[in-house]
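Treat the numbers as computed from the prediction; the structure is a model and nothing was measured.
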Amino acid sequence: MSEQGPEHSNDASQEESFDPSASSRRQLLMGGAVAASAIVSIRPALANTAASVLNCTINVPDQARAGNYIAPNGQIVPAGTPGAFPGTGRGFSGEQVKQALRGRPLPGTSYEQNQAYLNYIRRLQSGTSGFTCFASLQMPR
């Protein structure tokens, strides 16, 4: 029988000793894997959101105030107000509004109508029909 000194103690007990750095590396690797899978699943969702934003509509004026006119500054005024324009009777798509904000005219509008309608759209407030669509167009992608 040979005696083992303190430096030759049980090898199994050395393997079972806790290494805190190994545990933190494992957690870091697992966290990275979770983050990578989240990115992969979020990208298609963002693409779908971008597509739906361009397909949303903004009525000028909103349906609750249909029949009113739009003043050049974008305010809603009573029908027949001199210098104001009748509502469109239909909505503009998010894509049409986005292009108009970049300088292209809204379909079927004169220069003055276009400016009045864009001023109306810019004045939309939370709770007004079309506001969410317009706010979505303002978000950076």
Side-chain angles (χ1 to χ4, degrees), residues 2-141:
S2 65
E3 286 187 37
Q4 295 179 351
E7 63 268 353
H8 296 288
S9 63
N10 188 353
D11 287 337
S13 66
Q14 285 179 349
E15 289 177 16
E16 292 175 9
S17 67
F18 179 70
D19 181 5
S21 64
S23 176
S24 63
R25 280 192 300 264
R26 266 192 301 273
Q27 288 176 333
L28 185 61
L29 289 171
M30 288 189 316
V34 169
S37 67
I39 291 170
V40 169
S41 62
I42 290 172
R43 278 194 180 146
L46 289 176
N48 289 340
T49 302
S52 66
V53 164
L54 298 179
N55 292 322
C56 64
T57 59
I58 300 174
N59 292 320
V60 180
D62 63 339
Q63 292 178 350
R65 298 181 278 186
N68 290 315
Y69 279 30
I70 309 296
N73 67 359
Q75 289 184 325
I76 295 185
V77 295
T81 301
F85 302 96
T88 61
R90 65 175 188 86
F92 295 109
S93 72
E95 178 64 29
Q96 291 169 329
V97 172
K98 184 176 180 179
Q99 294 299 321
L101 292 170
R102 292 181 176 168
R104 297 183 81 185
L106 290 166
T109 63
S110 68
Y111 176 81
E112 291 81 13
Q113 279 178 311
N114 183 65
Q115 294 306 308
Y117 294 164
L118 286 177
N119 287 335
Y120 168 81
I121 291 168
R122 287 184 186 109
R123 296 172 66 103
L124 288 173
Q125 296 179 359
S126 181
T128 307
S129 176
F131 173 77
T132 304
C133 182
F134 176 64
S136 301
L137 296 173
Q138 303 303 306
M139 299 283 215
R141 307 238 181 264

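- Of the possible donor and acceptor atoms, none in the side chain of N73 sits under 3.5 Å from a partner among the backbone N and O of N119.
- Taken to the nearest 0.5 Å, the CD1 atom of I70 stands 14.0 Å off from the CD atom of Q115.
- Using a 4.5 Å heavy-atom cutoff, the side chains of D62 and Y120 are in contact.
- Side-chain atoms of F92 and P107, non-hydrogen and from C-beta on, do get closer than 4.5 Å to each other.
- P105 and A100 make their closest contact through C-CB, 4.5 Å (heavy atoms, listed as atom of the first residue, atom of the second, distance).
- Closest non-hydrogen pair, Y69 versus A79, comes out as CD1-CA, 3.5 Å.
- Between G94 and C133, the closest heavy-atom pair is CA-SG, 4.1 Å.
- Q113 and T109 make their closest contact through OE1-CA, 3.5 Å (heavy atoms, listed as atom of the first residue, atom of the second, distance).
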Problem set entry | Worked check of side chain to side chain contact (heavy atoms under 4.5 Å, CB included) between R122 and L101 | CA-CA 10 Å; R122 287 184 186 109; L101 292 170; 3.8 Å; yes
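- N68 pairs in a side-chain contact (heavy atoms from CB on, under 4.5 Å) with only one of the listed residues (V77, T81, I76), which is I76.
- What you find for A71 and A116 is that their closest heavy atoms are O-CB, 3.5 Å.
- Residue N59 holds its CG atom at 10.0 Å from CD1 of I121, rounded to the nearest 0.5 Å.
- Rounded to the nearest 0.5 Å, atoms OH (Y117) and CG (L106) are 9.0 Å apart.
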